[in-house]
Amino acid sequence: MAARTPSTSPSTATSPPPGAPRRAYVLGGNRIPFARAGGKYAQASNQDMLTAALDGLVARFGLQGESIGEVAAGAVLKHSRDFNLTREAVLGSALAATTPAYDVQQACATGLETVVSLSNKIRLGQLESAIAGGVDTTSDAPIAVSDRLRRVLLDLSHARTPQQRLKAIARLRPKDLAPATPRTSEPRTHLSMGEHQALTTAQWQITREAQDEVALRSHQRLAAAYDSGFFDDLVTPYRGLTRDANLRADTSMEKLAKLNPTFGLGLDAPATMTAGNSTPLTDGASTVLLGSAEWAAAHDLTPLAAVVDAEAGAVDFVHGVDGLLMAPVFAVPRLLARHGLSLADLDYVEIHEAFASTVLTTLAAWESEEFGRERLGLDGAFGTVEADRLNVHGSSLAAGHPFAATGGRIVATIAKELHVRRATQVAAGNDAPVRALVSVCAAGGLGLTALLEAA
Ligand SMILES: CC(=O)SCCNC(=O)CCNC(=O)[C@H](O)C(C)(C)COP(=O)(O)OP(=O)(O)OC[C@H]1O[C@@H](n2cnc3c(N)ncnc32)[C@H](O)[C@@H]1OP(=O)(O)O
């Protein structure tokens with residue numbers, strides 16, 4: 001277990017101007033390595049994994065027995081018994097049982113939403129400390145019974161006489177006994193996330209080679225970050241895993257090129273999306289420790305980055321022309337405009353790699369003069385993000401994507417990167433702010449984006 005981060009420079013937590021809301025800081029994070037579905041965590045539940053991620057955080061920051069302001073986390077795929085999964089995880093952890101905790105759900109944006117909403121509470125003075133997080137397992141996904149079987153079972157539980165029981169059972173047909181398994185498909189279109197993204201990929205004419213390059217870079221960068229020790233104080237080994245199981249340090253353009261297309265096979269365009277340039281189904285959990293400058297100082301912790309602001313977006317993917325995962329394309333310009341910033345002002349950007357082409361279609365829209373003028377209301381293209389400041393430590397293609405846990409993984413990673421960069425800059429006599437953007441697309445045509453600044 002990594003040691004608690006000592007506060008070498010608590011005064012680096014910049015104070016807001018008088019009258020402005022105070023700042024909320026990311027103080028650190030902890031996650032378990034992400035596993036492939038059906039892999040090392042096949043026997044672990046959401047509660048097991050979230051508790052493990054929480055306990056790793058507690059151990060790292062010396063929070064045993066501590067009452068934290070609030071813990072908010074969530075899971076996209078949740079058993080009905082887990083009506084407050086987060087509270088149960090807290091009760092099973094080393095935190096004080098007096099820590100309030102609750103579930104949040106915003107599809108793949110869940111983890112980032114918990115960071116944003118808890119940070120806002122800290123900024124308002126409602127909380128001094130908080131833990132954000134998320135967890136998901138596709139290995140232990142809930143399997144529901146059919147609607148008719150569910151109604152019959154409910155009626156049976158209310159039946160008072162044998163006749164009433166028999167009457168309820170008599171309504172059942174053999175087909176009602178078939179289970180209803182969860183699918184990553186949109187209820188209104190019945191298309192999976194991958195099928196939706198294949199439509200967007202074709203719309204923006206993204207090539208297979210460009211997608212494979214994004215995937216390769218993601219694996220190479222995540223492997224390099226692990227090798228350099230970057231994740232030593234962000235990831236705690238769990239159930240035999242020390243690194244994300246999906247990480248393939250030995251993948252190559254040649255290996256990726258050999259994979260058969262998985263999504264977009266029936267389209268009137270080349271099918272370019274494969275298992276290599278799509279996120280795999282993944283199990284895992286992440287947590288992020290948040291606090292005010294005062295709470296951090298009292299606990300001898302160094303603020304890494306402030307959560308400055310956030311912007312949500314949504315697209316009408318059912319009736320409109322915009323792809324299911326394109327909401328961040330619209331949210332980011334609004335977020336940056338509020339701060340008088342452009343993409344060029346950002347030192348780091350992480351665009352969640354739902355699919356390699358999600359990153360590429362997002363960039364293509366921002367780089368398009370026509371899109372900038374007609375859809376974003378700008379004078380021209382919104383801008384671009386060069387590869388050297390985009391997903392610098394890899395992203396979901398390599399790490400995997402346990403839906404609700406991805407936001408926490410990104411925020412903890414980028415906050416540490418901001419802190420490291422700022423320290424190097426300050427040592428060189430440069431006091432310029434260091435900023436990062438987090439962009440997460442989500443099912444339902446949703447997107448959530450956040451602006452962070454090194455403390
Ligand atoms: C908002 C959002 O985030 S939306 C996104 C939500 N997430 C999703 O929708 C999940 C999408 N992903 C999937 O559904 C699945 O992972 C799929 C369909 C893409 C692939 O599923 P599978 O076929 O089971 O993948 P699997 O892991 O077996 O890989 C297939 C092959 O590709 C190979 N492969 C995968 N990645 C790589 C790589 N980077 N390099 C080399 N080979 C690779 C595997 O080794 C395997 O080869 P094999 O058949 O010889 O064993």
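In what follows, residues are counted from 1 in the order of the sequence shown.
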- Quick one: are E186 and L324 in side-chain contact, heavy atoms under 4.5 Å? yes
- Query: Are L289 and L301 close enough, and set up right, to give a side chain to side chain contact (heavy atoms under 4.5 Å, CB included), and what steps lead you there?
  - Reply: CA-CA 11 Å; L289 180 62; L301 298 174; 4.0 Å; yes
- Query: In a check of side-chain contact (heavy atoms from CB on, under 4.5 Å) between H393 and each of T413, I410, L234, which one passes?
  - Reply: T413
- Item | E209, CD: over 12 other non-hydrogen atoms inside 6.0 angstrom | no
- Message: If I take atom CZ from residue R248 and atom CG from residue L397, how far apart are they, to the nearest 0.5 angstrom?
- Response: 11.5 Å
- Please state whether the rings of F371 and W204 are parallel, tilted or perpendicular, taking 30° and 60° as the class boundaries. perpendicular
- Query: What distance separates I122 CD1 from R22 CZ, expressed to the nearest 0.5 Å?
  - Reply: 7.5 Å
- Between R409 and E350, is there a side-chain N and carboxylate O pair less than 4.0 Å apart? yes
- Message: Rounded at 0.5 Å granularity, tell me how far CD in Q105 sits from OG1 in T110.
- Response: 4.5 Å
- Given the rule in the side-chain hydrogen bond (donor to acceptor under 3.5 Å, both in side chains) test, do S139 and D283 qualify, once you have shown the distances and angles that lead to the verdict? CA-CA 7 Å; S139 301; D283 305 336; 2.4 Å; yes
- Between the side chains of S45 and D140, is a donor N or O closer than 3.5 angstrom to an acceptor N or O? no
- Message: Is there a side-chain contact between T361 and I206 in this structure, where contact means two heavy atoms from C-beta onward sitting under 4.5 Å apart?
- Response: yes
- Task: Enter the distance from T449:OG1 to D309:CG here, rounded to the nearest 0.5 Å.
- Result: 8.5 Å
- Check whether any side-chain heavy atom of E417 sits under 4.5 Å from a side-chain heavy atom of F230, and report yes or no. yes
- Contacts of type ring-ring contact (aromatic ring centres under 6.0 Å, His included), residue H401, not counting sequence neighbours: H352, F403
- Item | Verdict with supporting geometry, R375 and D322, side chain to side chain contact (heavy atoms under 4.5 Å, CB included) | CA-CA 10 Å; R375 303 302 313 286; D322 297 314; 2.9 Å; yes
- Message: Just so I know, are the side chains of L452 and V438 near enough to count as touching, which here means a heavy-atom distance under 4.5 Å?
- Response: yes
- Message: For R338, is the CZ atom crowded, meaning more than 12 foreign heavy atoms sit under 6.0 Å from it?
- Response: yes
- Are F61 and H299 close enough that their ring centres sit under 6.0 Å apart? no
- Between D103 and R87, is the closest basic N to carboxylate O distance under 4.0 Å? no
- What's the verdict on salt bridge (Lys or Arg N to Asp or Glu O under 4.0 Å) for R217 and E213, showing C-alpha distance, side-chain angles and the deciding distance? CA-CA 6 Å; R217 200 158 52 225; E213 274 168 11; 5.4 Å; no
- Query: Would D48 and R239 pass as an ion pair if we require N to O under 4.0 Å?
  - Reply: yes
- Message: D233 and salt bridge (charged side-chain N to carboxylate O under 4.0 Å, His left out): which single residue from R31, K416, R60 fits?
- Response: K416
- Message: Run V90 and L54 through side chain to side chain contact (heavy atoms under 4.5 Å, CB included) and show every step you take.
- Response: CA-CA 8 Å; V90 164; L54 268 176; 4.0 Å; yes
- Item | side-chain hydrogen bond (donor to acceptor under 3.5 Å, both in side chains) between S67 and T98, worked out | CA-CA 6 Å; S67 199; T98 48; 2.9 Å; yes
- Message: Does any part of the side chain of R243, heavy atoms only, come nearer than 4.5 Å to the side chain of P237, both counted from C-beta?
- Response: no
- Please report the C-alpha distance between L343 and T384 in whole Å, then the side-chain angles of each, then the deciding distance to 0.1 Å, and finally whether the side chain to side chain contact (heavy atoms under 4.5 Å, CB included) criterion is met. CA-CA 7 Å; L343 285 174; T384 194; 5.7 Å; no
- Report yes if the side chains of L216 and L256 come closer than 4.5 Å at any heavy-atom pair, otherwise no. yes
- Message: Please report the interatomic distance NE2(H419) to CD1(I414), rounded to the nearest 0.5 Å.
- Response: 15.0 Å
- L346 side chain near V349 side chain, heavy-atom distance below 4.5 Å: yes
- Does a donor on one side chain and an acceptor on the other come within less than 3.5 Å for R421 and Y348? yes
- Message: Between D136 and K78, does any NZ, NE, NH1 or NH2 come within less than 4.0 Å of an OD or OE carboxylate oxygen?
- Response: no
- Message: Counting only heavy atoms not in E386 (residues, nucleotides, ligands), do more than 12 fall under 6.0 Å from its CD?
- Response: yes
- For this output row, return yes or no: ring centroids of W366 and F330 closer than 6.0 angstrom. no
- Item | Side chains of L290 and Y25 in contact at under 4.5 Å (non-hydrogen atoms) | no
- Message: Checking side-chain hydrogen bond (donor to acceptor under 3.5 Å, both in side chains) between S357 and each of T207, T272, T201, which is the one that passes?
- Response: T201
- Query: Going by atom types only, do H319 and D316 share a side-chain donor-acceptor pair under 3.5 Å?
  - Reply: yes
- Query: Roughly how far apart are N30 CG and T236 OG1, rounded to 0.5 Å?
  - Reply: 3.5 Å
- Query: Sequence neighbours excluded, which residues qualify as ring-ring contact (aromatic ring centres under 6.0 Å, His included) partners of Y41?
  - Reply: Y238
